[in-house]
K.L.:
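Pasting in a structure now, in structure tokens, and then I'll have a few things to ask.
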Number of protein chains: 4
Amino acid sequence: MDKRERIIKAAIEVFRKQGIEKTKISDIVKAAGIAQGTFYLYFPSKLSLMPAIAEVMVAKTLEIVKDRVSDDAPFPLRMEQLVDAIFEVNEEYHEIQALIYSGLASTEHLKNWETVYAPFYKWVSDGLQQAIDEGVIRNSVNPDRTARLVIGLVESAAEQIYLYDTDKEDEAVIQKNEVKNFLKNALAID
Amino acid sequence: MDKRERIIKAAIEVFRKQGIEKTKISDIVKAAGIAQGTFYLYFPSKLSLMPAIAEVMVAKTLEIVKDRVSDDAPFPLRMEQLVDAIFEVNEEYHEIQALIYSGLASTEHLKNWETVYAPFYKWVSDGLQQAIDEGVIRNSVNPDRTARLVIGLVESAAEQIYLYDTDKEDEAVIQKNEVKNFLKNALAID
Amino acid sequence: MDKRERIIKAAIEVFRKQGIEKTKISDIVKAAGIAQGTFYLYFPSKLSLMPAIAEVMVAKTLEIVKDRVSDDAPFPLRMEQLVDAIFEVNEEYHEIQALIYSGLASTEHLKNWETVYAPFYKWVSDGLQQAIDEGVIRNSVNPDRTARLVIGLVESAAEQIYLYDTDKEDEAVIQKNEVKNFLKNALAID
Amino acid sequence: MDKRERIIKAAIEVFRKQGIEKTKISDIVKAAGIAQGTFYLYFPSKLSLMPAIAEVMVAKTLEIVKDRVSDDAPFPLRMEQLVDAIFEVNEEYHEIQALIYSGLASTEHLKNWETVYAPFYKWVSDGLQQAIDEGVIRNSVNPDRTARLVIGLVESAAEQIYLYDTDKEDEAVIQKNEVKNFLKNALAID
DNA sequence: TATGAATGAGTCTTCATTCAT
DNA sequence: TATGAATGAAGACTCATTCAT
């Protein structure tokens with residue numbers, strides 16, 4: 001398999017288990033089954049992995065979202081499915097979300113944020129545009145901006161729940177409902 | 001000035017400039033004008049500073065929010081003022097927001113997140129409760145949860161704008177309006 | 001062009017720019033436009049290049065010296081021309097002189113010093129012998145030894161001038177005159 | 001004892017034994033009896049030691065020279081004593097001479113050459129001036145420049161002998177005589 | 001409390017060398 | 001011969017932490 005990909009996969013696994021700070025390059029290469037020096041052929045440092053990891057995670061998120069949201073369902077249902085999907089990803093990968101955030105936050109890689117999230121934003125934006133065209137949400141909504149708001153809202157809501165490892169299914173259900181109502185009203189036709 | 005406070009102030013400055021990862025204890029003490037060993041009389045590690053920093057930042061945020069939001073204005077205006085205030089803080093301290101997040105995210109100090117943000121959540125929650133009592137927003141709103149959603153939404157919206165240093169006042173205005181509309185609808189009585 | 005030669009040429013260039021210590025094999029092969037592994041088909045190590053480089057440099061020096069010194073001029077003039085020639089080479093290649101020295105100095109390749117410089121020593125020695133025969137310099141001069149002294153003297157004088165990149169033509173002229181006088185007297189018939 | 005000095009002393013010893021290339025920082029600190037990290041409090045790298053070592057060596061040389069050359073001897077004798085002294089130092093420290101040369105040759109530290117050699121140049125120059133004043137050498141001699149020539153000549157002659165470890169006392173005697181004659185004539189009143 | 005030179009374990013990083021193609 | 005991706009041993013270097021003052 002492609003070495004670069006193996007490094008990214010291994011890094012995600014190791015970061016999840018022990019966090020970024022405590023992870024040594026040697027842990028990553030061990031997990032990837034490659035030599036120490038090989039790492040540096042693909043990445044100049046541990047933090048420079050973050051954009052690549054973020055990309056993978058966003059791709060994975062988008063994949064799950066696309067799978068969970070039915071193309072032909074009515075908009076309100078699709079929105080609920082979107083919320084569920086984001087919560088689902090966040091439950092599975094909450095440590096990664098946090099580390100992507102903190103990893104990208106490290107100044108130099110910040111600039112990649114937009115690029116990395118772009119496909120996800122685009123997908124939600126398209127959905128909103130379609131809903132506007134169908135007249136099922138208020139047409140004062142700017143699809144691009146609102147896509148960002150929706151994703152930001154739902155991810156932050158999910159993070160607040162899954163920040164702590166403790167598995168809180170009940171909590172999650174309540175929070176999801178609150179978000180769904182919040183969203184439904186936010187977009188609703190007045 | 002109190003040494004502990006000097007350390008926190010210095011740490012905030014240095015973290016802003018070079019990020020958490022790249023900041024050494026020696027950078028902090030240099031900026032604080034104290035001796036290397038003195039640091040350890042107040043904090044056991046670099047990351048243990050994060051809760052203290054977060055506390056300072058939340059206090060500062062709350063202070064500005066309280067100042068900008070008029071007690072006696074009608075609710076929709078107060079909400080707009082809240083959005084403006086959060087954007088204002090974020091513009092000034094956007095790197096800090098990111099680093100608090102990533103700093104607290106580092107496993108051990110995660111638990112403090114709730115505690116640190118509590119007063120801010122409380123203040124917004126109280127405002128929502130009052131609005132419900134006055135019947136100016138839908139009473140299906142759960143004030144505590146929604147306070148978190150509102151803050152999460154607005155902060156993520158602000159971060160998206162101020163992530164990049166480039167000063168984009170126009171951008172900010174548009175984004176703020178979008179958020180205000182989004183929020184107004186989200187909370188509105190159906 | 002012959003690969004071996006390309007390696008030597010590239011090495012000279014790179015060594016000049018960044019010094020021996022800081023030059024990696026990879027820098028040399030990059031400059032030579034060949035593959036990493038190819039280097040080892042021609043040289044077992046970085047330092048093993050030094051004798052080859054030294055040989056090239058001495059050949060170049062001898063070539064210039066032979067060109068600048070007129071066969072049929074009287075001895076004092078020929079000596080002046082020799083000084084001029086050595087300074088000329090040194091001006092162009094002063095970093096190389098230094099690095100040959102330090103490169104050869106690295107233990108293993110030291111033994112080649114004599115071999116490499118031999119033709120140059122021989123040429124000067126022959127010139128001195130001829131001058132003795134002609135009775136134009138004192139006959140207490142030992143041609144072989146004195147050849148070494150003369151070359152050592154003039155090269156060290158030139159190095160002192162050209163050590164610093166700054167182009168100091170005036171300085172060089174003065175220094176050359178001093179050396180010429182020094183030499184003239186050193187060899188003169190008492 | 002002062003740590004910096006201990007590092008320099010230890011480095012000289014270790015460099016002599018195993019050469020610059022083969023010497024690890026860890027060898028130096030072991031010999032100096034200090035911790036690995038302590039080295040970096042005083043020097044940023046192995047090569048940055050070279051100017052300091054050179055300084056020590058020149059000081060040592062000057063010390064020996066001053067000791068061997070009698071203040072009140074006639075000039076020709078003093079000059080012979082100078083030659084003997086330089087050969088003596090070179091015999092004892094020929095590896096160091098070579099490594100100073102190659103160490104200083106490493107571009108960045110080159111600029112210190114003049115500074116480091118200054119006291120030695122000065123001392124010889126003063127001696128020449130005095131000899132001119134006394135009328136025992138030709139007054140067309142420029143003391144400063146000639147000091148450099150003399151030192152360059154004698155050191156290069158000595159290096160040619162002691163470059164190879166093999167102890168060649170006979171060789172040295174002959175070479176010294178040749179140099180002495182060469183010098184005597186070079187400076188002699190015409 | 002405060003200092004800051006010293007420590008050295010822990011990592012990162014380099015780069016000469018190999019070898020399957 | 002030639003290639004260049006991969007290797008991993010070897011060392012450089014960092015920096016949190018200590019402790020004598």
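A, B, ... follow the sequence lines: proteins, then strands. Residue 1 opens every chain.
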K.L.:
How close do B/Ala52 and B/Ile8 get, heavy atom to heavy atom, and via which atoms?
P.N.:
CB-CD1, 3.7 Å

K.L.:
Can you figure out which of E/dA5, E/dG4, F/dA5 approaches the side chain of A/Leu41 most closely?
P.N.:
F/dA5

K.L.:
Rounded to the nearest 0.5 Å, how far apart are CZ of B/Phe39 and OG of B/Ser48?
P.N.:
5.5 Å

K.L.:
Whole Å only: how far is the CG atom of A/Leu47 from the C1' atom of E/dT11?
P.N.:
14 Å

K.L.:
Tell me, please, which residues at least two apart from B/Val14 pass side-chain contact (heavy atoms from CB on, under 4.5 Å).
P.N.:
B/Gln18, B/Thr23, B/Asp27, B/Ala31

K.L.:
Using only atom types and a distance under 3.5 Å, with no angle test, would you say the side chain of B/Lys46 pairs donor to acceptor with the backbone of B/Ile28?
P.N.:
no

K.L.:
Flag the pair B/Tyr42 / B/Arg6 as yes when at least one side-chain heavy-atom distance between them is below 4.5 Å, and no otherwise.
P.N.:
no

K.L.:
Would you say E/dT1 has OP1 or OP2 under 4.0 Å from some side-chain N or O of B/Lys3?
P.N.:
no

K.L.:
Spell out protein contact along nucleotides 14-21 of chain E as letters: B when the base is contacted, S when just the sugar-phosphate is, - when no protein heavy atom is under 4.0 Å; keep the 5' to 3' order.
P.N.:
BSSBB---

K.L.:
Should stems be defined as at least three consecutive Watson-Crick or G-U pairs with both distances under 3.5 angstrom, which of them involve DNA chain E?
P.N.:
E:2-21 with F:2-21

K.L.:
Please report the interatomic distance CD(D/Gln36) to NZ(D/Lys24), rounded to the nearest 0.5 Å.
P.N.:
10.0 Å

K.L.:
Kindly compute the distance separating OH (C/Tyr117) from CD (C/Glu155), expressed to the nearest 0.5 Å.
P.N.:
4.0 Å

K.L.:
In terms of side-chain heavy atoms of A/Ile34, which of E/dT1, F/dT7, F/dA2 is nearest?
P.N.:
F/dT7

K.L.:
Looking across every strand, which nucleic acid part, if any, lies under 4.0 Å from D/Tyr42 by heavy atom: base, sugar-phosphate, or nothing?
P.N.:
sugar-phosphate

K.L.:
Starting at atom CZ of B/Arg4, determine the distance to atom C1' of E/dT1, rounded to an integer number of angstrom.
P.N.:
16 Å

K.L.:
A side-chain contact here means heavy atoms from C-beta on lying under 4.5 Å apart; do A/Leu49 and A/Ile7 qualify?
P.N.:
yes

K.L.:
Take the protein atom NZ of D/Lys30 and the nucleotide atom C1' of E/dG8, then report the distance between them rounded to whole Å.
P.N.:
13 Å

K.L.:
Rounded to the Å, how far apart are B/Asp27 CG and F/dA16 P?
P.N.:
9 Å

K.L.:
Does CZ in D/Arg4 sit with more than 12 non-hydrogen atoms of other residues, nucleotides or ligands closer than 6.0 Å?
P.N.:
no

K.L.:
To the nearest Å, give me how far apart CZ (C/Phe39) and P (F/dT1) are.
P.N.:
16 Å

K.L.:
Specify the separation, in whole Å, of atom CG of C/Asp2 and atom C1' of F/dA2.
P.N.:
14 Å

